Amino acid sequence: MTRLTTELPGLALKNPIMPASGCFGFGREYSDFYDLGKLGAVIMKAATGNERLGNPTPRVAETSSGMLNAIGLQNPGVDKIIANEVPFLAQFDTKIIANIAGSTLEEYEYVAQAFNQTNKVHALELNISCPNVKEGGIQFGTDPTMASRVTEVVKKASNLPVYVKLSPNVTDIVSIAKAVEAAGADGLSMINTLTGMQIHLPSRRPIIANKTGGLSGPAIKPVAVRMIYEVSKQVQIPIIGMGGIKNAEDVLEFLLAGASAVAVGTANFQNPFVCSEIINELPQVLDKYGFNSVQDAIGKGIVA
Amino acid sequence: MTRLTTELPGLALKNPIMPASGCFGFGREYSDFYDLGKLGAVIMKAATGNERLGNPTPRVAETSSGMLNAIGLQNPGVDKIIANEVPFLAQFDTKIIANIAGSTLEEYEYVAQAFNQTNKVHALELNISCPNVKEGGIQFGTDPTMASRVTEVVKKASNLPVYVKLSPNVTDIVSIAKAVEAAGADGLSMINTLTGMQIHLPSRRPIIANKTGGLSGPAIKPVAVRMIYEVSKQVQIPIIGMGGIKNAEDVLEFLLAGASAVAVGTANFQNPFVCSEIINELPQVLDKYGFNSVQDAIGKGIVA
Amino acid sequence: MIRKVGMKIISIRCIAQDTFEMILENNFISNYAVPGQFLHLQVGEHSLRRPISITDCDPSRSTVTIIFKINGQGTRELSAYQVGQYLNVLGPMGNGFPLHANSTALLIGGGIGVPPLYYLGKTLREMGCTIISVLGFQDKNHVFYENEFKNLGKNFIVTNNGSYGESGLVTDVINHVHHFDYYYSCGPIPMLRAVSQELKERRGYISIEERMGCGVGACYACVVPTKDGTNYKKICKDGPVFVAGEVKL
Amino acid sequence: MIRKVGMKIISIRCIAQDTFEMILENNFISNYAVPGQFLHLQVGEHSLRRPISITDCDPSRSTVTIIFKINGQGTRELSAYQVGQYLNVLGPMGNGFPLHANSTALLIGGGIGVPPLYYLGKTLREMGCTIISVLGFQDKNHVFYENEFKNLGKNFIVTNNGSYGESGLVTDVINHVHHFDYYYSCGPIPMLRAVSQELKERRGYISIEERMGCGVGACYACVVPTKDGTNYKKICKDGPVFVAGEVKL
Ligand SMILES: Cc1cc2nc3c(=O)[nH]c(=O)nc-3n(C[C@H](O)[C@H](O)[C@H](O)COP(=O)(O)OP(=O)(O)OC[C@H]3O[C@@H](n4cnc5c(N)ncnc54)[C@H](O)[C@@H]3O)c2cc1C
Ligand SMILES: Cc1cc2nc3c(=O)[nH]c(=O)nc-3n(C[C@H](O)[C@H](O)[C@H](O)COP(=O)(O)OP(=O)(O)OC[C@H]3O[C@@H](n4cnc5c(N)ncnc54)[C@H](O)[C@@H]3O)c2cc1C
Ligand SMILES: Cc1cc2nc3c(=O)[nH]c(=O)nc-3n(C[C@H](O)[C@H](O)[C@H](O)COP(=O)(O)O)c2cc1C
Ligand SMILES: Cc1cc2nc3c(=O)[nH]c(=O)nc-3n(C[C@H](O)[C@H](O)[C@H](O)COP(=O)(O)O)c2cc1C
Ligand code: FES
Ligand code: FES
């Protein structure tokens, strides 16, 4: 198994595979399918300061090789997550990453502090890119100054390593990555969803009640790979890559592009066993393409 | 047929369907499949001041529900296009839109003037968004000031209506749309391709020799619909919509989102008859969803 | 417990306009599924699975019946599957209807809400219940399973345009049915809203539809607000069956 | 003229490791396709079609044979198609090989470059030519159509690891073949480069592969620079067959 290990700040992972935030709840449902201890890590659903009820339904729509979602950060609030969900996940031999979101700097600060006080969470993933939150969430992710401010606040509020999750809906992702690196981010998580819309012809209305939603799934994989490639050449901090991963070959593509670990989102909905199956297949895929280990593949895409 | 007509500046179209730039050459090849006179218009492949040989191969790659391309604007140069290609297209009872590209303002100006002097071209599509041109093409499309400058220059250089083709690789497409509207654009064309990358695992290299390429096809349709919807609410000028259209229902979705006409790109490669088939199916699709005419559907998405 | 299984298609037939009955073989599902539960079907390469209710189970033959209507691309493709092919299925999903032995049950179905009521009615019947069913369809061509429901007890068919059975909406008929202990309803939201309004003094259960992501309770796509609006229930996990009045329609 | 046709699958068989021969029925293609042309196949819902050379045509039976190797997802799916299914095909595409009656032809194929040479050899044979073929494969398990080529004339098989026939590369064998009028070569670019270098004093034709978009000459995806580097040729429309030396490999 050691050929699958990968090491990121605060996250010595037995393998590079983790479910993506929002696509795995807090793990309970998937623990009926396989032992969560098999996973490199679990990224929890976004936590906010208080409970949020999220958006009206429909919240999802299918698109060609992808889906739109506008869940709207529904979650019971950080305190209940710490009380009810973290202890459940902590039973498993896996790392726990808390995805944190907020409408204000103070909210991010509060949530970060709260997770910091549990000693069961291994890292924070700073969601500055959720396209479904109106009050300002999107602003944090598209402006380098805002992005670095929220990063600084969260870094100060906790001792946990902070992975800033970047939005792909920007002209220049490299400048945002550099800004949050300068602000102290320990790593990056990329990409979040692309903003999209689908109109239901019979009703003439957007399918998603929130009008727009975040596009995920294989459709966006080329955008993710491009952005990870571009950013990895320009920053020193490691990247957790995501966007359309379905199988172990996709994982290798992300590693070659420059990711040090990956997250799998939408694919869990088609196949609840997908993360477990990818972990099983990864050694053969490394063999097939001539890599000794995950470590050996990271950033090894040849772009001469 | 009058229920299919749509009227845009300089373009009284018998129907809203046209092949997208770069996906139909200069029409010759497709004229073997059907009468080009059936089309609302033809958008020609990009023309530059001088001949361009484009990028090394491979220039295309397949992705989930889409493709990447980095042709690199290969074309024989505007003078040869005017001498050899425009007269061929002018035989058909259809409108001709010239897609113009350049590395400098002077080049855009030169190409626009040249097309203006023929009296066979009905409109210009200003390609400020080709992600495959290094010398500045991408800059024009991602910065509102640059975008309005090139629009002004082209407007001055010709009497033809100018449709500015916007790049989706931006944080705020509305501000670019508004900038080019203020600079005198007669219409918008959107969207061009999203920048993406795919890595070939056996060779560990990007499949596209140019490394990155433009993502097109059904994968990007939700992004196109969202952007057209957002922009159409904020500008007065009409939009030619494109991005992943494959059938008449997709066309209606773009009309509802706010497009006044549409272009079909990648789908021509799967099915060379696609534009002709869509024109045949459109009346039934209008019936099915209760619209009298194309005109009746434009911008009629209900977003309350 | 939900499992991912391969279900072999044993038969497929068109039973009404755009409406197909498919019999699938799988031991696990046929043994464990209860009325009101659904299957989460993978159709082709579609990114999201399709939730389809269980119409019937026959554990002795290891079969599970579903009925679906062509509603979009996925169900259209499903209707083109061939006998002998396998479907990739998650199931059984969600919670079934509460079952009250020896009671009188009023089943109220609309369109593609009718299928789960058949397995429910059959099961209740076996538990000594008296069954009355009121089934609404668009028109004559869309009516299905009339005989099957007649075999369970008294049955009324209602069509919007009166082309078959009573004319109008299911609520026009249930008005006249007074003797029952529980009602069970499944159908489009406007129908469920009307039914639960009409029968607000009676005890009943409703089964709700919503677009789904995971189908297992992890993604929060398929929620419905609770009556007081202070919380949400997940249809895939807490439902699809709810006590009438528990959630806001 | 290119048409979009439905081609019925008449047979499909595995003829070497990962290599399949498929016989398709279509009157138009079988009558009009010439050696060196290819079909542009739609596989499933893939965004791009797959170009596959014509291995043989039998107008009397209206059949067209293709041979393909599993190279990725599309060819893998193609190998799972069943007899009786129809393939959506554009064809015949591109230009064929120039044919010189009563000459001696040296056919040089590598791997999946071998298939088009069979139809070529058969046609030249019917035109009174003498055929010598040199076919390179990875190893013994990948060899196919040896007998078919033997029926056309003298044949050499070369495998990279010597597990069958001669050992090494096709260039190691063609070195020793001096008596021919024209050579015809199809295979991977490095092989074509070596062959055309080796035989630069001889007259010959090569057939080239490149990733394609439209396949009809409209998108400029599949270009190859001309010898002097001042221009490009489109493989799908100007090729795939070129006079050796005409383009830069
Ligand atoms: C619990 C439950 C039980 C159901 N039982 C049945 C049944 O027994 N028979 C039957 O015919 N239909 C049933 N439906 C509705 C069925 O799921 C949809 O008709 C089907 O998903 C439409 O898929 P499509 O590919 O044809 O439509 P598309 O519009 O192409 O589907 C696109 C996406 O929207 C979703 N979607 C579209 N319409 C609906 C809908 N009405 N409800 C939920 N998701 C939708 C699809 O699942 C898919 O993710 C049930 C729905 C739910 C939630
Ligand atoms: C003119 C011509 C004739 C050909 N004749 C044959 C033949 O007779 N038998 C045979 O086995 N193969 C032949 N090939 C190669 C064949 O087209 C590829 O093996 C096939 O397209 C791979 O598809 P895939 O889905 O398996 O691979 P994937 O990697 O999944 O394909 C992804 C995309 O890349 C393209 N692609 C990948 N490899 C190649 C390649 N080597 N050449 C061109 N496009 C490629 C695919 O067409 C597709 O668009 C020919 C290619 C050309 C250009
Ligand atoms: C239903 C759904 C809910 C999501 N919720 C969150 C979230 O709460 N926080 C977050 O940072 N990302 C969220 N995401 C984004 C994913 O974590 C991931 O970045 C994105 O979906 C791309 O990966 P994929 O293509 O593998 O799904 C969500 C995605 C989906 C599909
Ligand atoms: C092979 C290819 C070449 C293209 N060349 C051009 C071009 O020369 N000029 C331009 O403005 N857009 C070009 N485009 C973009 C298309 O015109 C269109 O905006 C885009 O592909 C989205 O539409 P689609 O999804 O229907 O293909 C090209 C696209 C493709 C796939
Ligand atoms: S569909 Fe995911 S929670 Fe119900
Ligand atoms: S594939 Fe389009 S020009 Fe050859």
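Just so it is clear, the values below take in all heavy atoms, side chains as well, and ignore hydrogens, waters and symmetry mates. Bear in mind the structure is a predicted one, so any value in this text is a computation, not a measurement. Naming convention: chains lettered A, B, ... in sequence-line order (proteins, then strands); numbering from 1 in each chain.
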Less than 4.5 Å to any heavy atom of chain B: does that hold for the side chain of [X], its backbone, both, or neither?
X	value
D:His46	both
D:Asn231	both
D:Leu90	side chain
D:Gln73	neither

Does atom [atom1] of [X] have more than 12 heavy-atom neighbours, drawn from other residues, nucleotides or ligands, at distances under 6.0 Å?
X	atom1	result
D:Lys140	NZ	no
B:Asn50	CG	no
D:Arg76	CZ	no
D:Tyr164	OH	no
D:Glu45	CD	no
D:Lys4	NZ	yes
D:Tyr32	OH	no

So which heavy atom on [X] is nearest to which on [Y], and how close?
X	Y	value
B:Gly66	D:Ser47	O-OG, 2.9 Å
B:Phe269	D:Cys214	CD2-CB, 3.5 Å
B:Arg59	D:Tyr232	NH2-CE1, 3.3 Å
B:Val60	D:Ala221	CG1-CB, 3.5 Å

Which of D:Met1, D:His40, D:Lys237 touches chain B most, by non-hydrogen pairs under 4.5 Å
D:Lys237
Cut-off 4.5 Å, heavy atoms of chain D, and the answer for B:Ala219 is neither
Interatomic distance, B:Asn271 atom CG to D:Arg49 atom CZ [nearest 0.5 angstrom]
7.0 Å
Please assess B:Thr57 against D:Val223 for the test side chain to side chain contact (heavy atoms under 4.5 Å, CB included), listing each intermediate value before the final yes or no.
CA-CA 7 Å; B:Thr57 58; D:Val223 299; 3.8 Å; yes
Per-residue tally against chain D (heavy atom, under 4.5 Å) across B:Pro76, B:Ser64, B:Pro272 peaks at B:Pro272
Any heavy-atom pair between the side chains of D:Arg211 and B:Met67 that's under 4.5 Å?
no
Evaluate the side-chain proximity of B:Asn75 to D:Tyr220: yes if any heavy-atom separation is below 4.5 Å, no if none is.
no
I would like to know whether B:Gln74 and D:Lys234 meet side chain to side chain contact (heavy atoms under 4.5 Å, CB included); could you show each step before the answer?
CA-CA 12 Å; B:Gln74 182 176 358; D:Lys234 295 173 193 162; over 6 Å; no
